[in-house]
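Sequential numbering from 1 along the given sequence is applied to the chain's residues. Predicted model only: the values in this text are computed from it and were never measured. Each ligand, and each atom within it, is numbered from 1 in the order the structure gives.
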Amino acid sequence: MLKVTKLLYFILLLVSLSVTYADERPNIIVILADDLGYNDLGFTGNTPIQTPNLDELAAGGVIFKNGYVTHPYCGPSRAGLLTGRYQARFGMENNVSYSPYDPNMGLPLSEKTFAKRLQEVGYKTAVIGKWHLGGAEHFQPNNRGFDYFYGFLDGGHHYNPDQVSLNSDGYSLPLMRNKEVVLFDEYLTTALSRDAAQFVADISSQDKDTPFMMYLSYNAPHAPLQAPAETIKKYTHLENTNRQIYAAMVDEMDQGIGMVVDALKKHNQYTNTLIFFLSDNGGLYPDSWWPQFDWADNSPYRHGKVALMEGGVKVPFIAHWPAKIPKGEKFDGLVSALDLAATSVALAGADTSDGKLEGVDLTPYMTGEKTGSPSQALFWRLEEADHIWAVRTMESKYMNQALPGVNRAFFDMTTDPTEQYNIVDSNLNEQTKLAKLWNDWNKGNMNNILYQSNEYKQARALFYKELFEKNKQEAINKKTYTVK
Ligand code: CA
């Protein structure tokens, strides 16, 4: 009898241990679109573009009605998202140029990605798609917290495999899988999606109890405008031929997201996976800067990429997590791309003791435990911070940027969320308050340390020219030897 009791006790102990050790932490997937227009998805607008997979995720989770990125274009926005810190904290306010022999051209090594924080507490981590945070080896994804990388290091890429060339610009370089160069043989967005779905399948079959974090960083629908002819045919009724191709690019991205969702379902990972979707900035829009860029639709917001108006920094932004987030939620509070890192590390139980993370854990807001705005104010500045800056609270937005019909502006975001009426000549007390918020925030920033791409390439060309001239001069000055 005693033996039976002991055996029973042992079995119970084993059961309790297995329960204790089952990892309940969610998988986390961040899907980032590139230069997507606010109105170009089914769930954000009235659009002819078909996005059934994203619409289903939005309907099954929470739509952040006031979701923002920290910068109106690619590189700095991604630096903020991945570190969970305003990129001006570490002077990264321009795009990183692809320059693999430059040991300083990348996301500063003083900064830690949230993938790294998750990796430290047992998550398997992957980035698939656009990196844009440095080409030198120590900046590459495998050295910044990602176990797995499939994609490209520069800020964009051609979509057709026959445009890959070693002798061309960064957009035509071969893809990489971890540290190896690899070829792809289908439309790029599909290749990235297929790889992301395969990552889900592989990790599920290897070790289902290990949670994973995947950053699926599409370059779609960023230029160049390229899409499969069959998909463009779905949109030939649109008048603008640029928009026909762009629509097909968004459509392909949505189909790719469908492939990832199918993989999650097939491998029983769907329920406990938290998916975020957002764009890194607003869509391009025709303006005096670039009148030819006429394919995206940021309505009802004004302006777009590179602008601090809502069209540049307010983005389609959702979260989906069947295990925790109720369906059909719409959330009005201020949500930032910085919150993705804070939320992920909180859910993973990762280390934040360096005190560097600035976002808010959105979990209690997404589950409905907390209401109100996660952030009291959001802030922006561009490199030229003396004249391009913005701050918004739930009630107001105060900004300065030389845009047609804008410059210094104040908007009542409660009554005028699309920024139609600049009332900068009134509400002076409120402007003083917002200016103080911005100035206090800006005290923690450093000046920009990165040249923009063209300036950088000119400086780099000059460096190599001078190096060569120096070598040549040294050679000329050397003693000539004779042999006997
Ligand atoms: Ca972008």
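A perpendicular orientation is assigned to the rings of Phe146 and Trp131, their planes being inclined by more than 60° (bins at 30° and 60°). Taking the six-membered ring where tryptophan is involved, the planes of Trp438 and Trp389 are tilted, since the angle between them lies from 30° to 60°. Ring-plane geometry between Tyr171 and His222 is classed as perpendicular, the angle between the planes exceeding 60 degrees on a 0 to 90 degree scale with a lower cut at 30.
Among the backbone and side-chain atoms of Tyr73, no N/O/S atom is found under 3.0 Å from the Ca ion (ligand 1). Not a single N/O/S atom of His222, whether from backbone or side chain, sits less than 3.0 Å from the Ca ion (ligand 1).
No hydrogens or angles considered: a donor-acceptor pair under 3.5 Å links the side chains of Asn445 and Asn442.
Of all N/O/S atoms in Asp280, OD2 sits nearest the Ca ion (ligand 1). Nearest to the Ca ion (ligand 1), among the N, O or S atoms that Asp35 has, is OD1. The N, O or S atom of Asp34 with the smallest distance to the Ca ion (ligand 1) is OD1.
In this structure, the ring of Trp441 has its center less than 6.0 angstrom from the ring center of Tyr86.
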